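See below for the structure under consideration.
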Amino acid sequence: MNEIVAGILILLSAFLSMAAGIGIVRFPDVLSRLHASTKPQILGVAAICVAIWLLNPSWGVASTLILVLGFQMMTQPMTAHMIGRAAYRTEYVRADLLIADEIADAVDAASAAEAADAADAAEAAEAAAESRSPDTPGGPANS
């Protein structure tokens, strides 16, 4: 009986992987593709882990599978989040498909702060270069 249930879970996982692949090909932008790739992956890995446990029901296998599933559940959403932010920052996101753009203000403020910091750094570098110039009285060449 366990072999039949494990086979069904493996088929479910294969179907979820196929759905993720179709979603990656069919969806129009990075954020939609991330959604299509992360949800079925977590469910597919969970189905495979349960199938493995059904075929080898021991505490050693269960603890290893819990670790595998736990790390997948922790890392996959963070990976998708970082890829989504990078896609947003590099403008690979279709703005016409967004229902709400909740991070636009934060990205604009961060870009303005980076521009201000770059301008301050350029001024400081220019001032330092002028103070080191041999033509400047009191500079290193004249002291």
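Computed from a predicted model, the values in this text were never measured in an experiment.
Put simply, CD on Q72 and OG1 on T75 are 5.0 Å apart, with the number rounded to the nearest 0.5 Å. The line from CD1 of I8 to OG of S13 is 13.5 Å long, rounded to the nearest 0.5 Å. The CZ atom of R85 sits 5.0 Å away from atom NE2 of H81, with the distance rounded to the nearest 0.5 Å. With rounding to the nearest 0.5 angstrom, the NE2 atom of H35 is 12.0 Å from the CG atom of D29. Rounding to the nearest 0.5 Å places CH2 of W59 at 7.5 Å from CD1 of I66.
For the pairing with P40, the side-chain contact (heavy atoms from CB on, under 4.5 Å) check across V45, L16, I22 returns one residue only, L16.
Criterion: ILVMFWY side-chain heavy atoms under 4.5 Å apart, direct or through other members. Under it, V30 and F27 are not part of a common hydrophobic cluster. Tracing side-chain contacts under 4.5 Å through hydrophobic residues (I, L, V, M, F, W, Y), one never reaches M73 starting from L9; they form parts of separate clusters. V107 and I99 are members of different hydrophobic clusters when ILVMFWY side chains are connected at heavy-atom separations under 4.5 Å. V5 and L55 fall into different hydrophobic clusters, where Ile, Leu, Val, Met, Phe, Trp and Tyr side chains are chained together by heavy-atom contacts under 4.5 Å.
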Could you go through D101 and Y88, starting from their C-alpha distance and side-chain angles, then the distance that decides it, and tell me whether this counts as side-chain contact (heavy atoms from CB on, under 4.5 Å)? CA-CA 10 Å; D101 192 359; Y88 188 88; 2.7 Å; yes
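Scanning both residues, C49 and L65, for their nearest heavy atoms gives O-CD1, 3.2 Å. Annotation for R33 and P28: closest pair NH2-O, 4.0 Å, computed over non-hydrogen atoms. The shortest heavy-atom contact between I10 and A51 is CG1-CB, 4.0 Å. Shown here for L34 and G84, the closest heavy-atom pair between the two residues is CD1-N, 3.6 Å. The shortest non-hydrogen separation linking A6 to L54 is N-CD1, 4.2 Å. The nearest pair of heavy atoms linking A80 to T38 is CB-CG2, 3.6 Å.
In the model, D108 has no side-chain atom that pairs as donor or acceptor with a side-chain atom of S111 under 3.5 Å.
In the displayed structure, M74 atom CE is contacted under 6.0 Å by more than 12 heavy atoms of other residues, nucleotides or ligands.
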